[in-house]
Amino acid sequence: MRAIYSSLRRSLFHCSSPYPYFSGESGGGGGTHRRFFHLNQAAVSSLQLPKDLLALVSSLSENPNNPKILRDIDSILLRSHLLDSTTSVFLLRGLARSRKITRAKILLSSLKQRAKIPDPFLYSIVLQCLLPHNPIRDVELVWNEISGDHSASGAASFVVHFCRRCDDALDVVPLCRRILSCRWAISCEGYAAMISALCLKKNPNPALARDVLKEMLELGLKVDDLSYYSVFRSFCKAGDPSGADSVMRIMGEKRIHDMHYLIYADFVYSLCKAGKFREARKLFDKMSKRDERRNEHIEQLGTTPKSPLKPGRRIIFQLSSSKLISKAMAFEAYFRALCSSGRLEDAEILLKEAAEKHVEHEVCVQKSFINALFCSGRHAEAIRFFEAEKKKKKKKKNRYVYVNEFADSVISSLCKIGRVEESHQLLRQLVNEGFFPTASIWNAVMESYCEVGRVDEAMGIFEGLNSGDLGSSVRPDGSSFSIVIHQLLSRREVEKARNVVEEMVRRKFQAGVDLYCELVNSLQSCGRFEEANYYLNSMIESGVLVSYSQWEVMAELLIKGNCDP
């Protein structure tokens, strides 16, 4: 702890405080401190993590029962309403690490009354900072004491907020395991939010999501169909047909049979990704069968399983065939699965068969084929295929939509293989032909220019998007701003980057934690501490930081990034 705060004092904020807060009497093993009783309001309101306060907290960790240090802490708490949000959180961390929970609760109550920091963030401080290892029941008791509201579960609302706002399933795992280990029932909405985050965010964890689903069933809570499907699909995307089958078995036991065509499509993909191509072909043949007694364009699958379910055999093959999907839908699912798994030769044969049988298919089929061609190194063929398809769509009613869909795949693939100049020329050609590429396509080119060090070209694209020169219907999105800001900061053009951030906020785009962290780091490096502190406070108060654990990671990164070599 002492090393962390020493580096923070020395490097992160570089504040040699102009106010003699602690000069004077010895604090007994913790350095020299003068009590806070004589602080004026102007001095405390200017408190931006000065080295004296951090030194005091560091001394507290080494001497947690020293009466003089505790008196100094108490004097600060008497004026805690004058501290900014960043300083308050650092002080809370110091109190929690020294196990001064009562004092931490006093400060949290003050922050709650001031209502500048969102409640979910304050709750996360109790959960992840004050009581990081306690049962959820203890956390709820402390939160109720701080908030004065005993009518609702703070855990349930925090879980929903956290799971919806986080970007990575890895962030959800500790919270999820803690709730499961405590056997603390939150709410159906909370459990559904955890399942969704574990399945749909980066680094999905379908096995843990299945545990959450089972927990709901054991507690007698109703599981919605979307939660079942999310876990099932997450297993499929991971190439785990056995895991997907286990979820289908739970659904079969619960007699949940109203499943969509996507169940079949996802399972075919899972089989191909796992290398089980014979099974995938067998399932495709099952999907392709046509019931002559019914119309060809049937919307739903027949999914009533034969009873009882046979162990050792995949449930998807035990579904009856009372209602069948169209051949076009079966072809699309199987073709895309083959392309995604690199079976390009099989996909080409299937494409020829479909053409001979005049099977209609959507644009996603061509996109899958283009991506597969690029992945196999057949770049020239992919571009020829794109040009041929573009000509075919001339008479289509939604020609512009079709071409933009194709262009997205071609240009993104060209960027991935480093042919950024060619991708840019193709984009310009599309604009000249009257097409309107989306901002995401331009972003791919911008990012590729940045990766090869051609930042000026990237900035030119951003300015063109901003002014409307690249199409009257396209404007920069949040990703466009982020790309430009990161590049400006890497070139040490801090003032320009700060102005772009402000413009981004004015346009209601959400700046991410990484972006703010880099901006704060850059501002501190060039001595603009007041502005850095402004953005640190803004991250907490605006809700950019979803939880205390996220703030903790950011703080440690800032400390390490600013330590003297």
Side-chain angles (χ1 to χ4, degrees), residues 4 8 11-15 45-50 53-54 80 83-94 96 107-108 110-112 114-129 158 161-168 171-172 175 478-479 481-486 488-489 494-495 497-562:
I4 290 176
L8 189 68
S11 307
L12 178 56
F13 296 99
H14 300 277
C15 291
S45 63
S46 300
L47 193 62
Q48 298 176 2
L49 291 179
L53 175 61
L54 297 178
S80 62
L83 303 179
D84 63 20
S85 297
T86 303
T87 308
S88 299
V89 177
F90 266 99
L91 182 55
L92 279 166
R93 181 171 79 159
L107 180 52
L108 273 170
S110 174
L111 292 172
K112 171 69 176 170
R114 285 157 57 186
K116 292 185 69 175
I117 300 178
D119 279 356
F121 189 87
L122 292 178
Y123 185 89
S124 74
I125 293 176
V126 181
L127 179 74
Q128 299 165 342
C129 180
F158 171 73
H161 170 83
F162 181 77
C163 291
R164 287 177 178 172
R165 290 288 310 280
C166 70
D167 298 319
D168 198 322
D171 296 332
V172 182
L175 175 64
S479 296
F481 280 95
S482 295
I483 292 168
V484 169
I485 293 165
H486 282 301
L488 289 172
L489 291 174
V494 181
E495 183 58 28
R498 193 190 66 79
N499 289 334
V500 178
V501 170
E502 291 300 319
E503 177 66 20
M504 183 179 184
V505 173
R506 278 196 294 272
R507 295 199 188 184
K508 307 299 183 185
F509 292 118
Q510 182 69 56
V513 176
D514 291 343
L515 190 149
Y516 269 113
C517 190
E518 190 175 349
L519 176 61
V520 169
N521 200 8
S522 298
L523 287 168
Q524 293 175 61
S525 297
C526 59
R528 298 165 68 169
F529 307 117
E530 187 173 344
E531 291 170 274
N533 195 73
Y534 165 79
Y535 286 109
L536 283 170
N537 286 326
S538 178
M539 291 173 74
I540 297 172
E541 295 169 4
S542 65
V544 170
L545 286 168
V546 179
S547 70
Y548 171 83
S549 61
Q550 200 175 42
W551 177 89
E552 180 79 21
V553 172
M554 182 211 71
E556 296 296 341
L557 287 174
L558 286 174
I559 292 167
K560 290 178 182 178
N562 285 272

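Below, all heavy atoms of this structure are taken into account, side chains as well, without hydrogens, waters or symmetry copies. Predicted model, so just to flag it, every value in this text is computed and none were measured.
- Exactly one of I540, V89, V553 qualifies for a side chain to side chain contact (heavy atoms under 4.5 Å, CB included) with L545. That residue is I540.
- A salt bridge is defined here as a Lys NZ or Arg NE, NH1 or NH2 lying under 4.0 Å from an Asp or Glu carboxylate O, and R528 with E495 meets this definition.
- Residue C526 holds its SG atom at 10.0 Å from CG of N521, rounded to the nearest 0.5 Å.
- Looking at D119 and Y123, their side chains never come closer than 4.5 Å, going by heavy atoms from C-beta outward.
- In terms of modelled atom types and a separation under 3.5 Å, the side chain of E503 and the main chain of N499 share no donor-acceptor contact.
- Using a 4.5 Å cut-off on side-chain heavy atoms (C-beta onward), I485 and L519 make no contact.
- Contact annotation: the side chain of R114 approaches that of L111 to within less than 4.5 Å [non-hydrogen atoms, C-beta and beyond].
- Between L175 and F162 the shortest heavy-atom distance is CD2-CD2, 3.7 Å.
- Taken to the nearest 0.5 Å, the CZ atom of F481 stands 4.0 Å off from the CZ atom of R507.
- Using a 4.5 Å heavy-atom cutoff, the side chains of V172 and C166 are in contact.
- Residue V544 comes nearest to Q510 through the heavy atom pair CG2-NE2, 3.2 Å, listed as atom of the first residue, atom of the second, then distance.
- How far CD of E518 is from CG of L523: 11.0 Å, rounded to the nearest 0.5 Å.
- Classification of the W551-F90 ring pair by plane angle, with boundaries at 30° and 60°, yields perpendicular.
- Under the 4.5 Å side-chain criterion, counting only non-hydrogen atoms from C-beta, S547 is not in contact with H161.
- Remark: D84 does not engage K116 in a salt bridge, criterion side-chain N to carboxylate O under 4.0 Å.
- Looking at every heavy atom in both residues, F158 comes nearest to S124 through CE1-CB, 3.6 Å.
- The distance from atom CG of N533 to atom OG1 of T86, rounded to the nearest 0.5 Å, is 5.0 Å.
- Closest approach of M504 and A511 over heavy atoms only: CE-CA, 3.9 Å.
- Taking the side chain as every heavy atom from C-beta outward, Y535 and R498 approach each other to under 4.5 Å.
- Side-chain contact between Y548 and L92 is absent, with no heavy atoms from C-beta onward closer than 4.5 Å.
- A 4.5 Å side-chain heavy-atom check between E552 and R93 finds at least one atom pair inside the cut-off.
- Side-chain N/O atoms of S85 and N537 include no donor and acceptor closer than 3.5 Å.
- Interatomic distance, CG of L489 versus OG of S525, reported as 10.0 Å (0.5 Å rounding).
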